[in-house]
Amino acid sequence: MDMKRILVTGGAGFVGSHLCERLVEAGHEVLCVDNYYTGSRRNVAHLLANPNFELLRHDVTFPLFAEVDEIYNLACPASPIHYQFDPVQTTKTSVHGAINMLGLAKRRKAKIFQASTSEVYGDPTIHPQVEEYWGNVNPIGIRSCYDEGKRCAETLFFDYHRQHKLQIKVARIFNTYGPRMHPNDGRVVSNFIMQALRGEPITLYGEGLQTRSFCYVDDLVEGFIRLMATGDEITGPINLGNPGEFTIKALAEMVVAQTGSKSTITYQPLPSDDPKQRQPDISKARALLDDWQPTIALEQGLARTIAYFDGLLKSGAA
Ligand code: NAD
Ligand code: UDP
Ligand code: UDP
């Protein structure tokens, strides 16, 4: 195997930490860059003893000079409560962060991967979502810092590709969950599991009839690795997610059943611009990424995630 020097921005976050682990296990040198905005050193503590792993506290909105062969750009808070906490910083992270990482890739002639999102489709009017769909995004709403920041990052990736011949790989990631999500992350899977384990009411927003499609983190990371390994002609955007679609109410009921919790459901107002439905069409990923498709069903992935959060609670870490 070809040993590479690989930069992972946002590497101390939920998805990033799993990616770093995979890359180090495969024998690569990994430089993990993170400002710990939503991630933490704890997520990568188990990698610190490995001489091929290096951790750097750095904010990607500032230039970074590092000698690497490949870049995975994941830096960006992903949970609505976190990306809405400091929306200006969220847009800066997506846009200035992309410019800096693309500048780095250009200087190094490094291949660069962008963690884009299903949020580029906004509140979609076509279902399931295909990559050709341009989306239905409110440019001035409370989700816009994230949605438009990620859309602008995609624009920058494609312009660096056309103008500077950069090798780019853009993945549009759909809701992903698993161990190392922050217990206070605010996203639905971590919220529901923590509430169920603590016997607190499950906070269902709206009537819970909105849908999402949940992908287990290991399946997603496998998709990242396969996309990065494709030939120069493959740029994406490529949807990566699990097509299994569930209402949020059904998710709440699954979590309660699987945890054996006595929690009841409490209804809270639906946040504005909350997409009503979301399901990836993954035909492109299957065709271009050696028949990539998720292998871990929601029930199975939830069991692993519940075990993780249960461990955190029992050890006093959450
Ligand atoms: P996360 O919040 O756990 O991870 C994001 C990481 O980026 C954190 O470690 C955070 O500290 C770091 N970060 C934020 N701003 C930074 C900055 N300015 N400089 C350096 N580091 C910074 O979220 P995640 O779920 O692991 O998401 C990872 C990436 O995948 C994000 O880009 C997100 O938009 C994208 N994504 C995730 C999902 C999902 O469901 N998990 C879905 C779509 C897209
Ligand atoms: N950049 C970086 N690391 C590098 C090379 C560039 O962070 O190794 C930053 C640089 O500071 C610049 C951005 O990336 O702001 C875009 O670089 P590019 O070369 O595209 O543009 P220019 O430097 O001409 O503005
Ligand atoms: N949601 C909910 N209760 C919560 C957190 C989220 O009902 O405690 C809903 C939220 O309104 C949305 C869905 O679950 O419809 C997914 O929310 P999340 O924040 O995980 O991701 P996103 O909206 O970005 O897909």
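The shown structure was predicted, so the numbers you read here are calculated from the model rather than taken from an experiment. In listed order, ligands and their atoms are each counted from 1.
Under a 4.0 angstrom heavy-atom cut-off, Arg278 registers as being in contact with ligand 3. Heavy atoms of Gln195 come nearer than 4.0 angstrom to ligand 3 in no pair at all. For Phe62, the closest heavy-atom approach to ligand 2 does not fall below 4.0 Å. By the 4.0 Å heavy-atom criterion, Pro80 is counted among the residues contacting ligand 3.
Contact annotation: for Ser79 versus ligand 1, there are no heavy atoms closer than 4.0 Å. The residue Gln268 has no part lying near ligand 3, judged by heavy-atom distances below 4.0 Å. No part of Met181 comes within 4.0 Å of ligand 1, judged by heavy-atom distances. With a heavy-atom cut-off of 4.0 Å, Tyr36 touches ligand 1 through its backbone alone. With a 4.0 Å cut-off on non-hydrogen atoms, Ile248 touches ligand 3 through its side chain and not its backbone. Of all the heavy atoms of Val189, none lies under 4.0 Å from any atom of ligand 3, so neither backbone nor side chain is involved. Heavy atoms of Lys150 found under 4.0 angstrom from ligand 1 belong exclusively to the side chain. When non-hydrogen atoms are compared, ligand 2 lies under 4.0 Å from the side chain of Lys106 (C-beta onward) but not from its backbone. With a 4.0 Å cut-off on non-hydrogen atoms, Glu119 does not touch ligand 1 at all.
Not one N or O on the side chain of Asn52 forms a donor-acceptor pair closer than 3.5 Å with the backbone of Val24. Between the side chain of Gln300 and the backbone N or O of Ala297 there is at least one donor-acceptor pair closer than 3.5 Å. A donor-acceptor contact shorter than 3.5 Å links the side chain of Asn239 to the backbone of Gln129. Between the side chain of Arg108 and the backbone N or O of Asp69, no donor-acceptor pair lies under 3.5 Å. A donor-acceptor pair is defined here as one N or O able to donate and one able to accept, closer than 3.5 Å; no such pair exists between the side chain of Asp281 and the backbone of Pro128. In this structure a side-chain-to-backbone donor-acceptor pair under 3.5 Å is present from Asn100 to His96.
Atom 40 (O) of ligand 1 has Thr176 N, 2.7 Å as its closest protein atom, hydrogens excluded (heavy atom only). At the top of the distance list for atom 2 (O) of ligand 1, counting protein heavy atoms only, stands Thr38 OG1, 2.6 Å. Scanning the protein heavy atoms around atom 26 (O) of ligand 1, the nearest turns out to be Val15 N, 2.8 Å.
Aromatic ring pairs are classed by plane angle as parallel below 30°, tilted from 30° to 60° and perpendicular above 60°; the pair His82 and His182 is perpendicular. Tyr160 and His164 have tilted rings, their planes meeting at an angle from 30° to 60° on a 0 to 90° scale.
Each of Lys150, Arg143, Glu148, Arg172 was compared with Glu119 under the side-chain contact (heavy atoms from CB on, under 4.5 Å) criterion, and only Arg143 meets it. Test Phe246, Tyr216, Phe309 against Tyr177 for ring pair (Phe, Tyr, Trp, His ring centres under 6.0 Å) and you get one pass: Tyr216.
Considering only non-hydrogen atoms, atom 23 (O) of ligand 3 lies nearest to Arg143 out of Glu207, Arg187, Glu119, Arg143. Taking only non-hydrogen atoms, the option from Pro63, Ala66, Gly97 nearest to atom 11 (O) of ligand 2 is Pro63. With Gly39, Pro77, Cys76, Ala78 as candidates, the residue nearest to atom 5 (C) of ligand 1 on a non-hydrogen basis is Cys76. The nearest non-hydrogen atom to atom 21 (N) of ligand 1, considering only Asn35, Leu240, Val60, comes from Asn35.
Ligand-side atoms of ligand 2 in range of Arg107: 4 (C), 5 (C), 8 (O), range being under 4.0 angstrom from any heavy atom. Heavy-atom contacts of Ile99 reach the following atoms of ligand 2: 13 (C), 14 (O), 16 (C) (cutoff under 4.0 Å). Of all atoms in ligand 1, numbered sequentially from 1 with element shown, those under 4.0 Å from a heavy atom of Tyr146 are 33 (C), 34 (O), 36 (N), 43 (C), 44 (C). Close contacts of ligand 3 with Asn191, meaning ligand atoms under 4.0 Å from a residue heavy atom, involve 4 (C), 5 (C), 8 (O). For ligand 3, the atoms sitting less than 4.0 Å from at least one non-hydrogen atom of Thr203 are 2 (C), 3 (N), 4 (C), 7 (O), 8 (O), numbered in the order shown with element in parentheses. Of all atoms in ligand 3, listed by their number and element, those nearer than 4.0 Å to a heavy atom of Asn175 are 21 (O), 22 (P), 25 (O).
Between Leu64 and ligand 2, at least one N/O pair is under 3.5 Å apart. Residue His164 places no N or O, backbone or side chain, under 3.5 Å from any N or O of ligand 2.
Of the N and O atoms on the side chains of Arg57 and Asn35, not one donor lies less than 3.5 Å from an acceptor on the other residue.
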**OP:** Determine, step by step, whether Leu23 and Tyr72 satisfy the side chain to side chain contact (heavy atoms under 4.5 Å, CB included) criterion, reporting the C-alpha distance in whole Å, the side-chain angles of both residues, the deciding distance to 0.1 Å, and the verdict.
**Re:** CA-CA 11 Å; Leu23 295 171; Tyr72 287 87; 3.8 Å; yes
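Contact annotation for atom 8 (O) of ligand 2: protein present (non-hydrogen atoms, distance under 4.0 Å).
Gln114 places none of its side-chain heavy atoms less than 4.5 Å from the side chain of Leu156. Counting only heavy atoms from C-beta outward, the side chains of Ile71 and Lys111 never approach each other to under 4.5 Å.
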